[in-house]
Amino acid sequence: MVQNYYQKEIETMSVEEMKKLQSEKLKKQVKHVYENVPYYKNLMDEKGVKPEDVNGIEDLHKLPFLTKADLRDAYPYGLLAKPLEDCVRIQSTSGTTGRRVVAFYTQKDVDLWEDCCARAIVAAGGSNKDVCQIAYGYGLFTGGPGLNGGSHKVGCLTLPMSSGNTERQIQFMTDLSATILCCTPSYAAYIGETLKEQGYKPEDIPLKAGIFGAEPWTEEMRRSIEETLGIKAYDIYGLTETSGPGVAFECSEQTGMHINEDHFLAEIIDPDTGEVLPEGTKGELVFTALDKEAFPLLRYRTRDICVLSRKKCSCGRTLIKMAKPMGRSDDMLIIRGVNVFPSQIETVLLEQGYTPNYRIEVDRANNNDTLDVYVELTSDQFSDTVKDIAIKEKELASAVKTMLGINPKMHLVPPKSIARSEGKAVRVVDKRKLHD
Ligand code: DLL
């Protein structure tokens with residue numbers, strides 16, 4: 001197999017060399033932040049840590065954490081480490097509640113971010129022979145701009161579609177023979193469904209690969225998208241606070257995402273105690289940006305729950321891997337005292353042959369939590385009799401109960417009755433919050 005890398009020296013560097021590089025960068029970065037960000041200097045002073053106490057990555061644990069609450073407190077300029085004259089871009093989170101997170105970039109920050117996205121595209125088999133269709137949103141959201149920059153760096157013919165207008169997506173995809181599709185997994189599933197309805201078979205679709213991220217998605221969802229579109233589907237991870245997509249990306253092995261750890265130093269901590277956990281333990285992912293100039297967050301708590309692993313990878317990359325995040329700790333539902341990730345329900349639905357079009361509703365009745373799951377049927381499934389549907393609902397409820405340990409009420413609903421997503425899917429409605 002031909003192994004392609006965008007920046008081979010870094011992507012295949014020995015672990016010792018990588019740690020040395022990270023240590024050098026960390027020392028410089030802590031000094032830069034301490035001298036230029038009074039907000040973080042105060043946090044360090046409160047903890048009694050001086051830049052000279054951090055001599056390498058082994059001292060990382062001495063530094064204070066940053067959380068989303070800090071970002072809100074310091075909004076908009078409080079964590080800026082460069083004069084505004086040196087900044088060329090802002091991007092912002094898609095957050096719907098509270099203040100948005102605003103991240104700043106110098107030209108160098110944009111450049112390194114685009115390199116990260118280029119690494120992801122090359123790992124998915126991309127080259128200057130490819131036509132890369134970018135159907136992530138453009139604008140303040142980082143998905144479109146990040147992958148657009150990466151696609152240019154690789155030399156792909158870039159189709160800056162943005163999200164939505166699915167008919168037009170399909171027209172450009174087929175007329176211009178797009179070979180790589182970049183969008184959220186839920187939008188990829190929707191595009192796949194629409195292509196199928198228009199009579200396209202997987203072998204008629206020009207795509208060969210997809211780079212899908214920005215929301216949690218299961219292995220079952222991956223297989224379903226791969227089958228419908230006739231492609232290999234690669235995961236990509238990132239967050240606005242650390243730059244955007246490309247913090248980590250998947251290679252052909254599809255067993256987790258390589259973290260671009262020359263730029264982003266990762267740790268896993270216990271979300272309750274803040275204690276650093278050993279490799280291989282599940283916990284909250286924390287990132288330290290080693291190269292960012294304008295918005296260099298140190299020990300930023302992502303709230304994403306996952307596991308790190310340094311197992312040898314068949315692609316030849318030595319970059320540490322993170323497992324697919326199960327979801328954010330704040331997406332986790334606590335239903336009748338049981339921790340539930342929406343992705344667990346998705347796994348069951350797809351395993352049982354249902355579509356990824358579902359909605360989870362949690363409420364409270366008579367002081368008891370209720371869990372209702374609405375799952376859309378395909379037109380074939382919908383032709384069953386009412387009695388058959390009732391039996392299927394029972395079977396599905398029992399499969400979900402086995403996975404979660406609690407009884408849901410399942411509702412199999414007609415085709416097209418659940419809204420499709422063109423960006424990040426909103427699958428959970430927690431009505432309990434309305435009563436609080
Ligand atoms: O979603 C950046 C991005 C754009 C990543 C395009 C990948 C592709 P935010 O809007 O700030 O940034 O949301 C970041 O989304 O903390 C995770 O909870 C979630 N997330 C991102 N990628 C994945 C993924 C972009 N591959 C938040 N799997 C993160 C699971 C993901 N969750």
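Each ligand, and each atom within it, is numbered from 1 in the order the structure gives.
Within ligand 1, the atoms closer than 4.0 Å to a non-hydrogen atom of Asp235 are 24 (C), 26 (N), numbered from 1 in the order shown. Near Gly213, with a cut-off below 4.0 Å to any heavy atom, the atoms of ligand 1 are 7 (C), 8 (C), 26 (N). Less than 4.0 angstrom separates some heavy atom of Pro325 from each of these atoms of ligand 1: 28 (N), 30 (C).
Here atom 21 (C) of ligand 1 lies nearest to Ala214 when heavy atoms of Gly246, Ala214, Gly244 are compared. By heavy-atom distance, the residue among Lys424, Glu215, Arg303 lying nearest atom 15 (O) of ligand 1 is Lys424.
For the pair Glu241 and Lys68, the salt-bridge criterion is met [side-chain N within less than 4.0 Å of a carboxylate O].
With a 4.0 Å cut-off on non-hydrogen atoms, Phe141 touches ligand 1 through its side chain and not its backbone. By the criterion of a heavy-atom distance under 4.0 Å, both the backbone and the side chain of Leu239 are placed next to ligand 1.
Heavy atoms of other residues, nucleotides or ligands lying less than 6.0 angstrom from NZ of Lys47 number more than 12. The local environment of NZ in Lys311 is sparse, with at most 12 non-hydrogen atoms from other residues, nucleotides or ligands closer than 6.0 Å.
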Salt bridge (Lys or Arg N to Asp or Glu O under 4.0 Å) for Glu226 and Arg223? Distances and angles first, verdict last. CA-CA 5 Å; Glu226 287 189 334; Arg223 276 194 290 280; over 6 Å; no
Candidate pair Val49 and Val30, rule side chain to side chain contact (heavy atoms under 4.5 Å, CB included), full reasoning: CA-CA 11 Å; Val49 195; Val30 172; over 6 Å; no
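Tyr6 does not carry Arg119 over the face of its six-membered ring by the limits of under 6.0 Å from the centre and within 45° of the normal.
Ligand 1 has no nitrogen or oxygen under 3.5 angstrom from a nitrogen or oxygen of Met257. Close N/O approach between Trp217 and ligand 1 is not found [any backbone or side-chain N/O within under 3.5 Å]. The shortest N or O to N or O distance between Asp304 and ligand 1 is below 3.5 Å.
Sorted by first and then second residue, the ring pair (Phe, Tyr, Trp, His ring centres under 6.0 Å) pairs involving residues 282-340 (not counting sequence neighbours) form an empty list.
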